[in-house]
Each structure stands twice: as C-alpha cells, then as structure tokens.
Colleague: 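Pasting a structure below so you can have a look.
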There are 2 protein chains.
Amino acid sequence: MTAIKDNNLSASLEDYLEAIFNLAGASNVARSKDIAKSLGVARSSVTGALRVLKKKGLANYRPYDYVTLTKAGQDIAAEVVRKHNIITSFFVNVLGVETDIAQQAACRAEHTLGPEVISKLLCFIGFVNKNSKNGYDLADEFKRFCKSRPQNNSFSGKQMSSTVGLDEVKPGQKCKIVRIIGRSGVNKRIADMGVVPGTILEVQRVAPLGDPIDVKLKGYRLSLRKEEASKIMVELGQSE
Amino acid sequence: MTAIKDNNLSASLEDYLEAIFNLAGASNVARSKDIAKSLGVARSSVTGALRVLKKKGLANYRPYDYVTLTKAGQDIAAEVVRKHNIITSFFVNVLGVETDIAQQAACRAEHTLGPEVISKLLCFIGFVNKNSKNGYDLADEFKRFCKSRPQNNSFSGKQMSSTVGLDEVKPGQKCKIVRIIGRSGVNKRIADMGVVPGTILEVQRVAPLGDPIDVKLKGYRLSLRKEEASKIMVELGQSE
DNA sequence: TGACAAAGTTAGGTATAACTAACTATACTA
DNA sequence: TAGTATAGTTAGTTATACCTAACTTTGTCA
C-alpha cells in the first residue's frame, strides 16, 4: 500500500506538461508567459497549473522562478509527445489528413487513446511503411481509392427511425402515431378520442407558444395541449 | 445574425444524448435510472444534464416524466453513434484491438475527432474491406506483420535528453552540468566555485529534506542549498 | 539608482460536472 | 385505498479549469 504512482493526470495537466516539455527544448527552461501563449490561456491559469504540477512532483516551480520538469514530469511529457507524434503521423501519412487539422485532432485525441490502441497504431504505421518499400504503396493506393468514391457517408450502424413527439410536427404535415407514452389517466382520455397507434393524423394549427395544437384525424378535429402532444410519438412523412 | 445553431456540446452532454438515443431503442423512451446506470453516474446528475439538454432544445424533459429526444437531439445523437461505430470498427477490424477495449477508447475519442478524420477513417475501412475481397486481406496481413515484430516501441520523434535538476540526483551518482539557470547573483557565486557547464560532479550526501546537498567536483567538496541545486541542470549516467 | 515595463501572482468570480443526503412524487400491491 | 418501494428531484458541496482585474516582483536602462 505504499503510494502507488498516481498517473491519473487530467487532459489539461498533460497539455501543460507537453507545452513545458516542448518549450524547454534547448534551454531546459520554460517561461510562464510562453506556456500561456502556447496553450492559449491566461497567465494566471498557468500559475494555477504549475502549483498543481509541483504538488504532484512533476514540475520544479517556485513563484517568480523559471520552470523545469522533474524526471517524472519529463517521462510523462515524453510519453504524451510520443502519442501525439504517432497519432499525427497516422492521420497525415496513412489517412492523408491535412497536417494542421491532423495536429489539432491528435492534440485532442492523445489523452483518450490507451496504450493498446497506440501500440497498434504505431505498428500499423510501420506496416504501411514496409509495404510501401515493397513496391505496393498502401497510402498511395488508399489516396486513389478515396478519389474514386468521394462521398460515401453511409455508416449509420443503427436504423434511424425518425420518431418525434407530436409537439414537434409543423402545421400541414401528416404523420402516423407510433406509440403513446404516459400515465394511464391522460393516456386513456386521448385514447377515447381515437388517438391510438397506427392512426394517421394531420397537424392543422399550432398556437404561438406551441400550445394548444389542433390536429385532424379520422375526419374530426381535436385540440391537444402541448404536454399531451409531446407524449404522442409519431413518424413523419406519411403521404396518405 | 439569427440564432446560429450552437453545436458546441460538451463531451459529457454528447454522452447523455448517446445514452438516451441507445436506451430509447424500441420504446422511444428513456428512464432516468437507466441513463444513470449506463453512464455510471448518480441519478441526480442525470436530472441536471436533462435540464441542460432541454434548455438547448435537444430533449423533451419535464420533471417526473419520461425522456425523449427532439428531432435536433436525435440528429446529434445519431451523428455521435455514427462516429462511435466508425472508430470502433476501425480499431477492431483494421487494427485488431480487442472489442471491449476498442469500445471504451472509441467512446472517449468520439468527441475529439473532427469530420475530416472521421470521413477519412470511414473511407479507410471501406478500402480495407474492398482489398480483402480482392484476395489481399489487409487486416489479416497486418496481423501477421504485428506478430513478426512484437515490441517495436521506438517512436520518440524527439531526442529525449534526460536532463534533470541537480536536486533530483541521488547520492553516489555522477553527472555532467549542462546548463545553469538563474539570476546573475547566485549564478555568479556558484560559477566562482567551479560550477560551470561541462563539469562532471558526483553527489555525495543529501540531507533528509534534500537540503543541503553535498557534491564533489574537481577534487573538492561543495555544499549547495536545494534551491541552488535545482537551478543546475545536469545529464545523468556519466561513467567518468 | 530609481523609474518603468514586463512577467508573474493573488483574489475573486464563473461554468461544468460530478457527488451525497434528504425530500417528494409515482406506481404497485395487498 | 393506504402503505411502501422505487424513481426522481432538490439542496448543498466539491473539484477542475478557466477568466478578469489588481497587485507584486524582477530586470533593464537612462
């Protein structure tokens, strides 16, 4: 039970670590102003973050002094940078995403992809490179493939049933009742009026604040309160 | 200037939307308890999130009532689910990551990958599938490639110079001074004592609280305060 | 050396997103 | 139909991570 290494750094703190690591570069030193600029935050936010990093033993920080990373801080920062580079490299070299868009996406994704995915990604980049040397350039081949079918946006995975509440239907639209939600009391009242699943109805008029809503069904008119209408789930686009 | 659609949903709210969308499934209705369970949060947190989603016009919510998504909410949820599926599919089918790890990673990454990356990813999955039909199974080939070189963890992108403050060096270790940070006053004082970049020194004793630190350099001993030592950046692993 | 600008800090405030504990509404069941 | 279990809400607290405005420290230069 002796102080297990607490690796649970927030994405924000990892960003600070990475920024300091990158700024340190040649001089091993980062200045608060530059950290603030590179992360696009106020100077005072940097002060706060540095206090936390110091408390976690990742940065050497004393007020009004230069900032350096401890060994532990450097290790984490190096890992973040490594992830960042792997992800960017994949986006740019394999997927062919534009460099600055890839950079931004990588910066956001680097905190969320775990070691399994990262190592596979690294391996995959190696695979693509090796293949490219063997005469079959995968990245190139993929680029050609992309051009041949530019807009293939069909990957829904789930059949989108466009079911909405009756309170969202606009005047003039026809729809079919799919299901009625709600407690027995209200439910029964409107069921008595012929409002049951399967019924096709047409919205005729919606009052300014959406209450009440006038609908036509089975030849007669009905005025529903918005609260009731929201409980009647309907399917749009009924031609008849 | 008429109310431009505010698409800036937090990752947390997108998660709620996705959970409601998935729970709704057959019945078009989600219950607070189930949302809480599927996201692993307290029931009261769901109430709070639902209030926000209602205010943004994404969910139909009234206290003690069932929850449904508005058309707008459904659209966003469907997009999140779509992303989720694309990312998971890529992780599992192309990279060969284990399904539940891929699910978790996808769930975290789905909020951070923008449309460019997602569309490329989608396209890439199509590319891999097509290739697999043409006799060259890319995913399979990659799996074999992975096995042939299991531990290829070299992707640093940046030369890791293991430079730390002298205050982090343990007794007995030798190191070389790389750089001295700090204001002229202190800087000059220790420079006069022979502490200049390039010097190799050995840490002899560190007092209990890390202050002072006794070092040996150029044949004589020196006692440094921790504050001073932290400003002396050194490179570890000097054999001589 | 003393005034000034730049860098850094503090204080105080906001928003998000979670929690626990206590309360209230709803639904079920005898 | 009364009592109770469950679901849902409110109130109050915590932690993160940002902000602005005002203050302090530091370094430079005339």
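Chain letters run A, B, ... following the sequence lines, proteins first and then strands; every chain starts at 1. Values below: every heavy atom of this structure, side chains too, minus hydrogens, waters and symmetry copies. Note that the structure is a prediction, hence the values are computed from the model and not measured.
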Colleague: In whole angstroms, how far is the C1' atom of D:dA15 from the NZ atom of A:K55?
Modeller: 10 Å
Colleague: Could you tell me how far apart A:Y64 (OH) and D:dC23 (P) are, to the nearest whole angstrom?
Modeller: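 After rounding, the reported distance stands at 13 Å.
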Colleague: According to a strict under-4.0 Å criterion, is A:S32 in side-chain N/O contact with OP1 or OP2 of C:dA7?
Modeller: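 For C:dA7, neither OP1 nor OP2 has a side-chain N or O of A:S32 closer than 4.0 Å.
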Colleague: According to a strict under-4.0 Å criterion, is A:Y61 in side-chain N/O contact with OP1 or OP2 of C:dT9?
Modeller: yes
Colleague: Any side-chain N or O of A:S10 below 4.0 angstrom from OP1/OP2 of D:dT16?
Modeller: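 No, A:S10 has no side-chain N/O under 4.0 Å of OP1/OP2 on D:dT16.
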Colleague: What is the separation between atom NZ on A:K33 and atom P on C:dA5, rounded to the nearest whole Å?
Modeller: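 Rounding to the nearest Å, NZ of A:K33 and P of C:dA5 are 16 Å apart.
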Colleague: Please pick, from C:dA17, D:dT9, D:dC19, the nucleotide with the shortest atom-to-atom distance to any side-chain atom of A:S44.
Modeller: D:dC19
Colleague: Mind calculating the distance between CZ (B:R31) and C1' (D:dT9) to the nearest angstrom?
Modeller: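 Result: 16 Å.
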Colleague: When the distance from CG of A:L9 to C1' of D:dA15 is rounded to whole Å, what number comes out?
Modeller: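 After rounding, the gap between these two atoms is 15 Å.
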Colleague: Among D:dT20, D:dA17, C:dT9, which nucleotide has an atom closest to any side-chain atom of A:P63?
Modeller: C:dT9
Colleague: Within the 4.5 Å heavy-atom criterion, are A:V164 and A:E235 side-chain neighbours or not?
Modeller: no
Colleague: In whole angstroms, how far is the C1' atom of C:dA17 from the CG atom of B:L17?
Modeller: 16 Å
Colleague: Can you identify which nucleotide, out of C:dC19, D:dA7, C:dT9, has its nearest atom closest to the A:R43 side chain?
Modeller: C:dT9
Colleague: Could you tell me whether a side-chain N or O of B:S45 sits under 3.5 Å from a main-chain N or O of B:V41, the two making a donor and an acceptor?
Modeller: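 No; zero donor-acceptor contacts below 3.5 Å.
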Colleague: Think A:S12 has a side-chain N or O under 4.0 angstrom from the OP1 or OP2 of D:dC18?
Modeller: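 Yes, within the criterion.
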Colleague: Is there side-chain contact between B:V203 and B:K170, with heavy atoms separated by less than 4.5 Å?
Modeller: no
Colleague: Can you confirm whether or not the ring centre of A:F90 sits under 6.0 Å from the ring centre of B:F90?
Modeller: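 Yes, the ring centres sit under 6.0 Å apart.
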Colleague: Starting at CG of A:D34 and ending at P of C:dA7, how long is that distance when rounded to a whole Å?
Modeller: 8 Å
Colleague: Need to verify one output field. Residue with the more 5' nearest nucleotide on DNA chain D, B:R62 or A:L13?
Modeller: B:R62
Colleague: Looking at B:K71, is its backbone amide N or carbonyl O close enough to the side chain of A:E168 to form a donor-acceptor pair, meaning the two atoms are under 3.5 Å apart?
Modeller: yes
Colleague: Taking any heavy-atom pair under 4.0 Å as a contact, classify B:T47: base, sugar-phosphate, or nothing.
Modeller: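 Here B:T47 touches the bases of the nucleic acid.
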Colleague: Are B:R51 and D:dT9 close enough that a side-chain N or O sits under 4.0 Å from OP1 or OP2?
Modeller: no
Colleague: Just the rounded figure in Å: distance from P of C:dT16 to NE2 of B:H111.
Modeller: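 About 17 Å, once rounded to whole Å.
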